[in-house]
Protein chains: 2
Amino acid sequence: MKKLLKYLFMQRVFEALSSTVRRKILAYLAHAELTAGEIAARFDISKPAVSQHLAVLENAGLVTSEKRGQYVHYRLVREHLANVLNDYVQEVCPVSRPLKRESAALGDAPAAEGEKE
Amino acid sequence: MKKLLKYLFMQRVFEALSSTVRRKILAYLAHAELTAGEIAARFDISKPAVSQHLAVLENAGLVTSEKRGQYVHYRLVREHLANVLNDYVQEVCPVSRPLKRESAALGDAPAAEGEKE
DNA sequence: TAGGTAGTTAAGGAATTACCTAATTACTCT
DNA sequence: AGAGTAATTAGGTAATTCCTTAACTACCTA
């Protein structure tokens, strides 16, 4: 059950990460929660274009959005990013067994966010 | 040291990983060194298509090829994959500092096979 | 040297992606 | 309600990606 869902997310995550703009957005969100407008202001492309990038990131589970009044605040979902990337590294670098536990811990580290899948 | 170079590779690596076929190729190579033909045999797409995927992976530094006689053998470059992904996780999840050392160790783990860069 | 196998390069077409402008929705404030 | 701001949706186009077939290079064997 979990495995298929995980696979789907992996695909979306790597597709999301394939864009430089989207990786930059994540980097900005790594330092602070930002509104869509604040994010758009940091790029040369149009606001709708940024909005689409944000939608891709959200579909991949890498960010979440919350509307507060007039603004939509975006924030990074650290666990998800760390989990997916670590899972993949594990899959392709099976040698690194020792790391496995460490990275699992990493994923949970930020907080009490549970296993949603 | 080579921050720019790293950035360039990051771009190529994530672009390479955005394709399911390419991620599958890496998964196969995680278990064994394979020739181009052996890899192509595992997919439904044409041989030239696989060849192009392999070129993308090689440009990203994720695999290396060696021609032996009639065959071209491909093999995974584990360190590179682990390094790039871990570097990125670090950049976006600055919380996870503890993992850093572990992952560095991981890169070298496979031993024997040489550092080409 | 001729024929066969392994692999890549070349050329072209279909599908996807990224971007733009314009229109729309949702909220705030007077 | 009406004007202004924030953000997304819609519609259309340019660029890119992925795959195909055909042609080519390199190697092996008889």
Side-chain angles (χ1 to χ4, degrees), chain A residues 7-29 32-77 84, chain B residues 7-29 32-77 84:
Chain A
Y7 180 78
L8 190 144
F9 266 115
M10 182 141 73
Q11 180 158 350
R12 290 196 188 166
V13 165
F14 278 115
E15 188 188 314
L17 293 178
S18 71
S19 149
T20 303
V21 170
R22 287 192 291 263
R23 286 199 307 279
K24 264 185 193 158
I25 290 176
L26 293 183
Y28 283 129
L29 292 178
E33 178 177 311
L34 294 171
T35 68
E38 288 170 333
I39 295 168
R42 285 160 166 81
F43 293 91
D44 281 338
I45 61 181
S46 72
K47 228 161 152 180
V50 172
S51 192
Q52 286 166 343
H53 283 303
L54 286 168
V56 170
L57 290 170
E58 190 158 24
N59 274 324
L62 293 173
V63 306
T64 54
S65 63
E66 188 187 346
K67 181 155 191 174
R68 278 182 234 148
Q70 207 169 2
Y71 300 87
V72 177
H73 296 258
Y74 281 88
R75 116 175 156 265
L76 183 63
V77 182
V84 170
Chain B
Y7 181 78
L8 191 144
F9 266 114
M10 181 141 75
Q11 181 158 349
R12 290 195 188 167
V13 165
F14 279 115
E15 188 188 314
L17 292 178
S18 71
S19 149
T20 303
V21 170
R22 289 193 289 264
R23 286 198 308 278
K24 265 186 191 155
I25 291 175
L26 293 183
Y28 283 128
L29 292 177
E33 179 177 311
L34 295 170
T35 67
E38 288 169 332
I39 295 169
R42 286 160 167 80
F43 293 92
D44 282 338
I45 59 180
S46 72
K47 229 160 152 180
V50 172
S51 192
Q52 285 165 344
H53 283 302
L54 286 169
V56 171
L57 290 170
E58 189 158 25
N59 274 323
L62 292 173
V63 306
T64 54
S65 64
E66 189 186 346
K67 182 156 191 173
R68 280 182 233 146
Q70 207 169 1
Y71 300 88
V72 177
H73 296 258
Y74 282 88
R75 122 179 152 261
L76 183 63
V77 182
V84 170

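Proteins come first, then strands; the chains are lettered A, B, ... in the order of their sequence lines, and each starts at number 1.
- Sorted pairs that involve residues 44-66 of chain A and meet ring-ring contact (aromatic ring centres under 6.0 Å, His included), not counting sequence neighbours, are lacking altogether.
- What you find for B:Arg22 and B:Ser18 is that their closest heavy atoms are NH2-OG, 3.9 Å.
- Atom CG of B:Leu57 is separated from atom CD of B:Glu15 by 10.5 Å, given to the nearest 0.5 angstrom.
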Tell me which donor-acceptor pairs under 3.5 Å the side chains of residues 42-50 of chain B have, and how far apart each pair is, sequence neighbours excluded?
{"from": "B:Arg42", "atom 1": "NH1", "to": "B:Glu38", "atom 2": "O", "distance (Å)": "2.8"}
{"from": "B:Ser46", "atom 1": "OG", "to": "B:Ala49", "atom 2": "N", "distance (Å)": "3.3"}

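- For B:Arg23, the side chain to side chain contact (heavy atoms under 4.5 Å, CB included) test picks out A:Met10, A:Gln11, A:Phe14, A:Tyr88, B:Leu17, B:Thr20, with sequence neighbours left out.
- On the nucleic acid side, DNA chain D has its first and last nucleotide under 4.0 Å of a heavy atom of chain A at D:dG4 to D:dT9, going 5' to 3'.
- The stretch residues 19-28 of chain B has no heavy atom under 4.0 angstrom from DNA chain C at all.
- Across its full length, the helix from C:dT1-D:dA30 to C:dT30-D:dA1 shows an angle of 20° between the axes of its 5 terminal pairs at either end, rounded to 10 degrees.
- Contact check, B:Ser51 against C:dT9: no side-chain N or O comes under 4.0 Å of OP1 or OP2.
- In this structure, B:Tyr74 reaches the sugar-phosphate backbone alone: every heavy-atom distance under 4.0 Å involves primed, P, OP1 or OP2 atoms, never a base.
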Could you go through residues 59-71 of chain A and list every donor-acceptor pair under 3.5 Å that involves a side-chain atom there, pairing it with any protein atom two or more places apart or in another chain?
{"from": "A:Asn59", "atom 1": "ND2", "to": "A:Ala55", "atom 2": "O", "distance (Å)": "3.4"}
{"from": "A:Ser65", "atom 1": "OG", "to": "A:Glu58", "atom 2": "OE1", "distance (Å)": "3.4"}
{"from": "A:Ser65", "atom 1": "OG", "to": "A:Glu58", "atom 2": "OE2", "distance (Å)": "2.9"}
{"from": "A:Arg68", "atom 1": "NH2", "to": "A:Glu33", "atom 2": "OE2", "distance (Å)": "2.5"}

* **Under 4.0 Å protein heavy-atom contact, by nucleotide of nucleotides 20-30 of chain C - B base, S sugar-phosphate only** => BBB---SBS--
